[in-house]
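These notes concern the structure reproduced below.
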Amino acid sequence: MEYNFREVEKKWQEYWKEQKTYKTEIDHNKPKYYVLDMFPYPSGAGLHVGHPLGYIASDIFSRYKCHQGFNVLHPMGYDAYGLPAEQYAIQTGQHPAVTTERNIARYREQLDRIGFSYDWDREVRTCDPKYYHWTQWTFIQLFNHYYDQKHSAARPIVELVHDFETTGGFNTHPFGEPKPNFTASDWQQMDQAQKNQILMGYRLAYLADTFVNWCPALGTVLANDEVKEGFSVRGGHPVERKKMQQWFLRITAYAQRLLDGLETLDWSDSLKEIQRNWIGRSEGATIFFQLPAINNAIEVFTTRPDTIFGATFMVLAPEHEWVKDLTTPQYRDAVEEYVAFASRRSDRERMTEVKAISGQFTGAFAIHPFSGKKLPVYISEYVLAGYGSGAIMAVPAHDSRDYAFAKHFGLEIIEVVAGGNIYEASYDAKEGILVNSDFLNGMQVQDAIAEAVRRIEEKGIGTGRINFRLRDAIFSRQRYWGEPFPVYYRDGHPEMLPEESLPLPLPQIDKYLPTETGEPPLARAKNWHTPEGWNYEVNTMPGFAGSSAYYLRYMDPHNTQQLVSKEAVEYWQSVDLYVGGAEHATGHLIYARFWNKFLFDLGVAATQEPFKKLINQGMIQGRSNFVYRIKGTNTFVSHGLRQQFDAIPLHVDVNIVHQDILDQEAFKKWNPEYKDAEFILENGKYLCGWEIEKMSKSFHNVQNPDDLIERYGADTLRLYEMFLGPIEQAKPWDTNGIEGVFRFIRKFWRLYHNKNNQWDVNDTEPSLAELKILHKTIKKVSDDIERFSFNTAVSSFMICVNELGELNCNKRAILEPLAVLISPFAPHLAEELWWQLGHNQSITKAKYVQWDENLITDDTVVYPVSFNGKTRFKVELPAGYSAIEVEQAVLDAPEAVKWLEGKTPKKVIVVLGKIVNVVI
RNA sequence: GCCCGGGUGGCGGAAUUGGUAGACGCGUUGGUCUCAAACACCAAUGAUAGCAAUAUCGUGCCGGUUCGAUCCCGGCCCCGGGUACCA
């Protein structure tokens with residue numbers, strides 16, 4: 001008879017559910033703590049063992065905080081909109097809502113079996129109209145606000161309109177293009193269409209034409225973070241450039257705040273670095289170069305204004321709007337051809353051919369603002385239309401790309417910063433003395449940059465400027481399964497729906513495909529227009545719309561009047577601990593921070609940053625097993641003998657392999673093809689090979705939690721996932737080790753029971769040794785939880801149980817606190833023991849246990865004694881000894897004679913409580 | 001190419017960042033219990049040499065700082081992630 005985990009786990013899961021043990025309400029008598037998991041997209045495949053890793057860690061931390069007296073908010077929900085459900089709908093005609101519902105039910109069932117402490121009354125789903133009501137509401141607010149650069153905050157667009165009406169925009173400083181350049185009476189005389197167009201340049205949600213990442217296979221536009229190396233992240237389809245009208249979010253307005261906010265966050269350095277690079281701040285200057293031929297000046301952005309005297313030519317992006325105007329008749333054909341060539345090329349092609357230099361002279365010349373020299377104007381792909389002003393001053397001596405271009409076209413190279421050898425390569429470093437540079441000669445680079453900016457501003461030919469790499473976020477998707485925009489078009493102009501009419505529900509359509517004329521699927525919907533007959537927007541919102549403020553909604557999920565009530569947001573503030581994957585670094589985690597900052601400006605969010613501390617759980621890799629089939633036969637050779645044959649490795653289902661030994665009968669049944677398989681064994685066994693790979697169906701290495709829970713129980717699974725290694729580190733899943741944790745759980749149970757599995761705990765006074773073990777463990781485990789080192793916490797429990805087991809300890813004074821200590825890790829086991837200990841309330845309500853430092857400190861210290869750094873022997877000395885006493889005791893020790901070899905030590909280093917080193 | 005991480009037994013990892021390298025677990029080997037198996041328990045387990053006590057070597061490689069380096073510094077190699085002409 002042993003611990004019956006199946007019965008016990010089922011019993012307490014039902015009890016917790018019935019009693020709503022994990023229900024959370026605002027409680028002003030307790031400090032709050034908010035623990036959040038990145039909510040999952042419920043895929044059809046269900047959870048595999050990699051998914052719950054982060055959930056288990058956050059659950060342990062939640063339960064720990066709860067025991068410590070915090071009022072813990074720990075919710076869960078679903079990021080329910082997404083491409084897979086829609087792709088499935090296209091193939092089968094099944095409504096995505098139906099598959100999504102089914103997948104959610106499956107996820108819930110799996111999650112419930114692991115014993116999480118979620119407050120399910122707070123569940124949200126992004127596809128629920130009650131939820132996306134507030135996603136739509138936020139979009140309306142974005143449309144109706146602009147970013148005021150003077151106050152660094154979003155302001156209602158009506159304030160901007162008012163200022164345009166009264167001063168022509170004298171008092172406001174809106175972020176956007178172009179800068180207001182009209183008087184109040186100019187504005188008043190404009191018609192509504194002109195006004196709308198100007199305002200569109202400042203709204204935080206705006207409609208614009210641009211080149212977008214178009215994915216023909218998915219039939220939609222993708223955001224930058226959804227594209228990787230020219231292919232869609234989801235599905236891996238090719239992506240091309242296409243000019244389209246799209247909704248955008250003006251996230252660039254918040255670039256500086258997004259950058260500054262990183263300093264305040266307790267996130268990993270690597271994650272913050274990824275965001276910094278993605279935001280890509282660079283300081284420099286914009287400078288205007290005169291183009292006499294068209295009587296205009298072209299703007300360039302440079303981070304190296306100090307090298308302005310090294311500028312020997314200019315390069316424009318092929319898409320630059322002035323290319324046509326400035327090209328001389330003589331070069332017209334060649335330029336047109338090059339522009340056409342560039343526009344034809346996909347991002348993919350451009351990327352794979354980075355090294356190939358191409359470009360075309362336009363026939364035009366610009367005038368150097370200081371030297372007055374004529375600089376030839378080129379166009380080339382290596383200058384991007386979307387960054388800076390889409391034009392550069394080329395300084396070949398100090399920029400490797402300009403250098404390559406100059407060499408290719410035989411252009412002049414002038415050294416202006418000493419330190420390199422410009423005959424061999426450009427010298428890009430930001431250090432050295434300026435030469436050939438008129439008023440900058442003799443300066444250090446850093447000083448020269450400042451001086452150049454000063455002169456440029458003084459001369460009125462430019463200004464110091466900061467540029468960001470971050471682009472505005474494309475917010476339209478040509479898909480069905482997403483939030484509808486709360487937008488209709490009146491005479492072609494976008495208008496927001498009144499807030500009272502929200503939510504605008506997603507309509508039914510007959511097919512989940514674009515229309516015959518190429519319009520998005522929503523154009524198929526019948527009556528997709530306002531009661532007045534104005535057509536609704538046919539695009540839907542992207543995946544990140546619904547996931548950008550869900551943490552706020554969890555605070556007050558059933559509020560029909562507001563996104564979140566003042567009271568709830570004031571109490572819960574923001575997320576204290578957020579656990580999820582690092583793959584969201586440039587997507588969700590940027591958008592959510594932006595969205596939160598906007599809501600903060602509105603007074604809806606309570607803090608500048610949504611996620612104070614963030615832990616990235618590392619990916620769980622799969623461990624695949626292989627069998628080796630001898631070519632052309634149905635005979636399989638064991639791993640150790642495979643070299644003697646001409647055999648090819650084949651993936652085999654890891655579920656029919658134990659400790660790398662193949663279950664031959666199961667193998668024959670696994671696939672009809674193998675039913676007559678024969679085996680060449682070694683030592684009577686068929687040994688499989690193994691490899692670490694991605695966990696994937698096609699590799700037959702997927703482990704789902706249900707099977708493991710069935711075999712070992714949820715507590716074992718929880719402990720084992722934590723025991724695997726540091727939470728943030730990627731590591732392979734290897735089921736082989738789970739037996740050890742399973743053994744530990746049963747040993748733990750046996751501390752409280754006798755050989756016949758009968759309850760056996762008594763009230764005898766514990767010994768000092770027993771107390772020491774307990775208090776040492778409390779201290780270690782508590783420390784480990786605080787620093788999210790759950791793998792070492794589990795080992796500490798193992799050591800504790802081994803030690804108590806040796807002492808046959810079955811004393812309440814030890815075992816009762818131990819149950820509380822382990823309850824965050826193994827809640828079912830702990831709950832069962834708790835009630836058997838005579839309590840009549842859930843262990844989750846029990847107070848956390850404290851360690852007593854006096855019980856941990858020992859009276860003696862074992863000093864390792866080393867001679868010249870090599871450990872030779874150990875001496876046990878009283879803990880109170882001073883350095884001199886320790887030194888004396890060590891030199892007097894009988895073992896010391898041998899190592900001293902009769903010499904006098906040169907030096908003796910004593911580190912109290914740690915070590916003694918004798919130098920001879 | 002550039003920017004971050006990281007290389008420790010047969011395997012996952014520990015050593016809470018300068019103080020006994022290899023905790024804990026898996027695996028392996030031998031043993032106890034059993035008619036047998038399962039379960040459980042005990043012992044050994046970095047490498048090399050030796051019957052042994054013990055000795056030498058050992059944290060990717062080469063060098064340095066230090067009484068002492070897995071940890072700090074310099075150079076190199078390999079693996080993982082991010083990024084991709086961002087002026």
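So you know, we letter chains A, B, ... as the sequences are listed, proteins then strands, and number each from 1.
Taking every side-chain heavy atom of W278(A) into account, A84(B) is the closest of A84(B), U20(B), G19(B). The nucleotide whose nearest atom lies closest to any side-chain atom of T792(A) is, among U20(B), C26(B), A15(B), A15(B). With A87(B), C26(B), C39(B) as the candidates, the nucleotide lying closest to the side chain of I392(A) is A87(B). The side chain of F301(A) lies closest to A87(B) when the candidates are C41(B), A40(B), A87(B). Considering only the side chain of P864(A), U20(B) comes nearest among C24(B), G12(B), U20(B). Among C41(B), C26(B), C24(B), the nucleotide with an atom closest to any side-chain atom of R750(A) is C41(B). Residue K780(A) places its side chain closer to U16(B) than to any other of C26(B), U16(B), C39(B). With distances taken from any side-chain atom of Y387(A) to the nucleotides A87(B), C85(B), A15(B), the minimum falls on A87(B). Residue E273(A) places its side chain closer to C3(B) than to any other of U16(B), C3(B), C24(B). Of the candidates U83(B), G13(B), A87(B), U83(B) carries the atom nearest the T586(A) side chain, counting heavy atoms from C-beta on.
Residue contacts for Q729(A): at a heavy-atom cut-off of 4.0 Å it reaches the sugar-phosphate backbone alone, with no base atom in range. Using a 4.0 Å heavy-atom distance criterion, S866(A) is classed as making no nucleic acid contact. Using a 4.0 Å heavy-atom cutoff across all strands shown, N802(A) reaches sugar-phosphate atoms only and no base atom. Within 4.0 Å (heavy atoms only), R872(A) reaches sugar-phosphate atoms of the nucleic acid but no base atom. At a threshold of 4.0 angstrom between heavy atoms, the contacts of K272(A) with the nucleic acid are absent. If you check every strand for non-hydrogen atoms under 4.0 Å, K874(A) touches a base.
Taking a pair as Watson-Crick or G-U wobble with both distances under 3.5 Å, RNA chain B forms stems of 3 or more consecutive pairs at B:1-7 with B:77-83, B:10-12 with B:24-26, B:27-32 with B:40-45, B:46-49 with B:54-57, B:60-64 with B:72-76.
Counting to the nearest Å, the P atom of A84(B) and the CD atom of E381(A) are 16 Å from each other. Distance, N616(A) CG to G6(B) P: 14 Å, rounded to whole Å. Remark: P of G80(B) and CD of E693(A) are 13 Å apart, rounded to the nearest angstrom. Distance R276(A) CZ to C2(B) C1': 17 Å, rounded to the nearest Å. Rounded to whole Å, the distance from CG on L589(A) to C1' on G82(B) is 14 Å. Counting to the nearest Å, the P atom of A15(B) and the CD1 atom of I799(A) are 11 Å from each other. D660(A) has its CG atom 10 Å from the C1' atom of C11(B), to the nearest Å. Between the CD1 atom of I661(A) and the C1' atom of C26(B) there is a distance of 13 Å, rounded to whole Å.
Minimum interatomic distance between A394(A) and V315(A) (heavy atoms only, all atoms of both residues): CB-CG2, 4.3 Å. Taking both residues in full, the closest heavy atoms of S268(A) and E728(A) are given as CB-OE1, 4.5 Å, listed atom of the first, atom of the second, then distance.
A donor-acceptor contact closer than 3.5 angstrom links the side chains of Y64(A) and E786(A). There is a side-chain donor-acceptor pair under 3.5 Å between N757(A) and W749(A). If you check the side chains of D472(A) and T252(A), you find a donor sitting under 3.5 Å from an acceptor.
The side chain of S282(A) places an N or O atom within less than 4.0 Å of a non-bridging phosphate oxygen (OP1 or OP2) of A87(B). Residue R623(A) places no side-chain N or O under 4.0 Å from the OP1 or OP2 atom of G12(B). Put simply, R746(A) has a side-chain N or O that comes within less than 4.0 Å of OP1 or OP2 on A40(B).
Separating the C1' atom of C76(B) from that of G7(B) is a span of 14 Å, rounded to the nearest Å.
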Would you give me the side-chain donor-acceptor pairs under 3.5 Å for residues 799-810 of chain A, sequence neighbours excluded?
residue : atom : partner : partner atom : Å
N802(A) : OD1  : K747(A) : NZ           : 3.1
N802(A) : ND2  : M798(A) : O            : 3.4
E803(A) : OE1  : K776(A) : NZ           : 3.1
N810(A) : OD1  : N762(A) : ND2          : 3.3
N810(A) : ND2  : D760(A) : O            : 3.4
N810(A) : ND2  : D760(A) : OD1          : 3.4
N810(A) : ND2  : D760(A) : OD2          : 3.4

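Between F61(A) and F788(A), a ring centre-to-centre spacing shorter than 6.0 Å is recorded.
Look at G9(B): its glycosidic torsion is within 90° of 0, and that puts it in the syn range.
Under a 3.5 Å cut-off, the side chain of N616(A) and the backbone N or O of G580(A) do form a donor-acceptor pair. Looking at S638(A), its side chain never comes within 3.5 Å of a backbone N or O of C688(A) through a donor-acceptor pair.
Where D269(A) and I274(A) meet RNA chain B, the nucleotide closest to each residue was compared, and D269(A) sits on the side nearer the 5' end. Of the two residues near RNA chain B, M798(A) and T303(A), the one whose nearest nucleotide lies more 5' is M798(A).
Remark: of the listed residues Y720(A), F723(A), W690(A), Y720(A) is the sole one forming a ring-ring contact (aromatic ring centres under 6.0 Å, His included) with W733(A).
The aromatic rings of F313(A) and F405(A) sit parallel to each other, their planes meeting at less than 30°, with 60° as the upper class boundary. Using cut-offs of 30° and 60° for the angle between ring planes, the F873(A) and F867(A) rings count as tilted.
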Protein-proximity profile, nucleotides 67-74 of chain B, B/S/- by nucleotide at the 4.0 Å heavy-atom cutoff, equals BS------

